[in-house]
Amino acid sequence: MDRRTLLMAAGALTLAGRAARAAEEVVIGAVYPLTGNGASVGLDAKAAIETAAELINGTHAPVATLLGKGGGLAGLGGAKIRLVFADSQNDPQKARAEAERIITQEKAIAIVGSYTSATGATISQVTERYEVPYISADNSSPSLNLRGLKWFFRTTPHDIMYTQGTFDFFADVGKKTGKPVKTVALFYEDSIFGTDSSNVQRKLAEAAGIKVVADIKYRASSPSLSSEAQSLKAADADVIMPSSYTSDAILIMKSMAEIGYKPKAVMAQGAGFQETAFLTAAGPLANGVMSRSSFALDAGKTRPAIDPVNALYKAKNNKDMNDNTSREFTALMVLADAINRAGSAKPTDIQAALKATNIPGDQLIMPWKGVKFDETGQNILCNPVIQQVFDGTYKTIWPFDLAAEAPVWNI
Amino acid sequence: MDNAILRRRRRELWTGLVVLLVLILLPLPIHDVYTRNLIIITLLFAGLAQAWNILGGYCGQISLGHALYFGVGGYVSSLLYVRLGIPPTLGMFAAGLVAGALALVVGWPCFRLSGHYYAIATVVVGEIGYLLFLNWDFVGGATGVYIPFNGDSWVTLQFRTQKLPYHYVALAFVAVTWLAAWVIEGSRWGFSWRAVKDDVVAARSLGVRIFRSKMAAAAISGFFTGVGGAIYAQYVGYIDPDSVLAGNFSILIALPAVLGGVGTLWGPIIGAALLTPLSELSRSYLGGSGSGVDLMLYGGIIVVVALARPQGLVSLLGPRRRKEVPDVRPA
Amino acid sequence: MTETLLQAAMSGLLMGLLYALVAAGLSLIFGLMDVVNFAHGEMMMLAMYATFVIWQATGLDPLLQIPIVAVVMFALGVAVYRGLIARALSVQFNTGMVQIFVTFGLAIFLRGAAQLVFGGEFKSITSSWLSGRTVHLAGIYLPLPQVAAGLVCLLAFAALLLISRTEFGRALEATREDRDAVALIGIDRDRIFALGWGLGAAAVGIAGVMLASFYYVSPNVGANFAVIAYVTVALGGFGSLAGALVAGLLIGEIEALTAVVLEPSLKQVGVFAVYLLVLMVRPRGLFGKL
């Protein structure tokens, strides 16, 4: 063989090798706060998304969920998912820059994100401009899917759906126990999450004929919440409805106990109240606290994938999956499923596949009816559940047919 | 002014022109979007730092609450666009005027406070601004202002993926702000501030005139900071109190000026050129691990530069420069 | 309503004492050498982590840890002075600004370091002698951890007062009055500064220990207290211990009562508004000597 042929052969082999390697992987980006104030949630999100990728890519015994067989994406010849994580530091400008970077430099074909709705707003603007899908795993602001974006897909319920769930529960449990909710106290932090949440709560309370006896907007991360606790005590509502992040959740429960106030019922809007750090720090004070949730760890009977997936996650991150991490895991699974069905890594194909998504509930780890996106990109089959803390762990109490425990209802 | 000074000032102008030319040409061979973004953010911070420098460096009033003007500027421009359809090419001037006026309102009672009391007062004013915007439904409260994309246009300063237009807007911003600093440096105000820093007795005798010139410095500084906020808001497409009015941002605006060299023409520019890429790159390439190493690096470098070059990095440009650097003690 | 107000006032009092102690350390350092220590909140954060770590490893109650952490923080304060601040003070230019930004850089560094070593999770001391215990007195609830914190703060103030009467204390005062002339009367200024920093750090360290018994610990927790601390010092007057105490109590009360009477989300605005008003009338704070 002469040198020229040798060189050409070598060149061809290298090109083939590079092409083969390119066909072997699909780059997906994830933007979360990995440093700064939201770091604890962001790092958990990273672990959850990595768990999903490992499940899809790895060789293991099949798990009863989407793409649970492992071995990569069959629709793309076994291509593996390669995750690229970027740190938003919970700042919309930085989130924007990072999303843009991983699309243009790392060639991500889709992005999953992002915890806060502010960062979700700017990331989804970037993905819209670059025409790649953005999967909102956990942004809960109701306005996000109403901006006319074509590349925005949200798997998680938003605040209106969540809050509707809590009021549906109030109606159901009131009928069942003969002790209906007559008064509520709204307690919410002053950022987007708190304001959005309380706005919906106020509206739905009025519609249900329930009186709001305290409407307390508090400064997030305050050194002290004693005065606020005192106001809650004075109002003595049937149910306190807090919208708080972890640190404030811990503080308000402690502050109420310190002034000798044991609320009749607490119905939290998820977030901080669902975090392990809250359960550990609040200890016995957390017992009886209810929260809306997207995830029911104890629904293993109807969702067989929960236990094996949770085991994988726990092995990686030393804690059980919760409301946030389960949604982040699910978002990647839904995205991967779409890519798989599209059989292609082209964003337009993935967009079409996402629009056609129709995943039945039992293929998920979530207690949802399924995943199906409406024209605005919102998943319309994701119904929340209500959970309550029993002995330091959340157990599902509603819908009654999914419930693992009967609610403790003392109003 | 004597000849040596005139020559120096002319030289500075020429240097400025050369740097401007370089910056005009800089992004053309660079096609990586992230790098172009990095340059834009750096230019914005350079302009903001220079605007701060007018009040904090030349005038010696160390404001640690400048984010207020930045945020107000961003909100004015964004709200004018989103609610009334007024494009930011006009709105940014309104933003600057409102911010400048606000700076006057703040300056009037605060300038009689000395040194650290003034600094803390500016922090407090900044915090009040943040809390007010957070709780004020008219400006969107905690939800902030989302700026929908309406197609590429130089009038509305919106571009789908192009970065070059933003680069030139940011460049124009920092160039004009630099020029303003140059003018002030050679003006009567500049002279009187320098005289006052060296001689407190002279300060007392010049009383009212100094006060009036400080107010002017505050207004000019506020104006440019507000314009910067308007550009930023349109570039990012979304603002909320946490991202443009938080206290941390005030420090980020002042930092490049201090590390680069306060009261100098090039200090803020050099400071921004070092710090902005440092913080952006360490976040992008080190932050992903979540370990906090990027913060340690950033903090460490600030300490090292502050100690090693207290007159600012600008002193590295030559021994002659070092002599001309004014010593700024809090006024 | 009266019960609510009384309860709020009591809580405000206890919190105010804590603010006062945090401010005392800051005021000491301010007054001594004109240094705005932007890392003060982070130093408190370190003390809180130290308390948590010691508690987790040995089960030692925070109350018992006070002397240990105070000593450790004292050493840290001296180390920060010798390692960084002394250098910052000796620069030829822009000393004022260099100090601000050196401490600011230190703050960022410490936050990153805390995240590296401890992770971003919120940590809490879940069982100590006083945790969860409340005393019910005349219709008012007094949570014991906060009461203990208040008492410890008062004791710390008394200790600081005693120290100010000693020779060291007088040397501190002299150095603050005229730091350039003290060398003439045989006071080693550098040593005084180092000890001043140590004392300031120990003070905020004690505040941190007490806070850790009822508040959560995270790398960013210092930021929650930072602005209030600076306002307290400025309101009381730089360099005045009595000022720090009075201002701390005042701010604690205003914050607590504004939260009940007006909107809780604006409670800090109440504090800031009062602060600015006072400053207009007394530009050097309530008791400021500088």
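Keep in mind the model is a prediction, meaning the values are calculated, not measured. Lettering follows sequence order; numbering is per chain, from 1.
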- Task: Take Phe122(C) and Tyr215(C), measure what ring pair (Phe, Tyr, Trp, His ring centres under 6.0 Å) needs, and give me the verdict at the end.
- Result: CA-CA 10 Å; Phe122(C) 292 103; Tyr215(C) 201 73; 9.5 Å; no
- Beyond-backbone contact of Phe109(C) with Leu297(B), side-chain heavy atoms, under 4.5 angstrom: no
- Message: Does any backbone or side-chain atom of Phe104(C) lie under 4.5 Å from a heavy atom of chain B? Answer side chain, backbone, both or neither.
- Response: side chain
- Query: Considering all heavy atoms of both residues, which atom of Trp52(B) and which atom of Ser221(B) are nearest to each other, and what is their separation?
  - Reply: CA-OG, 3.9 Å
- Among Leu259(B), Ile302(B), Leu255(B), the residue with the most heavy-atom pairs under 4.5 Å to chain C is Leu255(B)
- Neighbourhood of chain C inside residues 134-145 of chain B, taking heavy atoms under 4.5 Å as contact: Asn135(B)
- Note on the structure: Whatever's closer than 4.5 Å to a heavy atom in chain B on Leu279(C) counts as both
- Please say which of Val221(C), Asn220(C), Val217(C), Asn224(C) ends up in a side chain to side chain contact (heavy atoms under 4.5 Å, CB included) with Met45(C). Val221(C)
- Query: Going through the checks in order, is the side chain to side chain contact (heavy atoms under 4.5 Å, CB included) test met by Val305(B) and Leu274(B)?
  - Reply: CA-CA 10 Å; Val305(B) 173; Leu274(B) 171 71; 4.2 Å; yes
- Look at Ile120(B), Asn248(B), Ile128(B) and state which one has the largest set of heavy-atom pairs under 4.5 Å with chain C. Ile120(B)
- Message: Report which part of Leu110(C) has an atom under 4.5 Å of a heavy atom belonging to chain B: side chain, backbone, both, or neither.
- Response: neither
- Counterpart residues, side-chain hydrogen bond (donor to acceptor under 3.5 Å, both in side chains), relative to Asp190(C) (two or more places apart): Tyr81(C), Arg82(C)
- Can you see which heavy atom on Leu278(B) is nearest to which on Tyr298(B), and at what distance? CD2-CD1, 4.0 Å
- Which answer fits Tyr275(C), side chain, backbone, both or neither, if we ask what part of it has an atom under 4.5 Å from a heavy atom of chain B? side chain
- Item | Proximal component of Val227(C), with respect to chain B [non-hydrogen, under 4.5 Å] | side chain
- Under 6.0 Å between ring centres, would you say that holds for Phe118(C) and Phe52(C)? no
- Could you tell me how the ring of Phe133(B) sits relative to the ring of Tyr75(B): parallel (under 30°), tilted (30 to 60°) or perpendicular (over 60°)? tilted
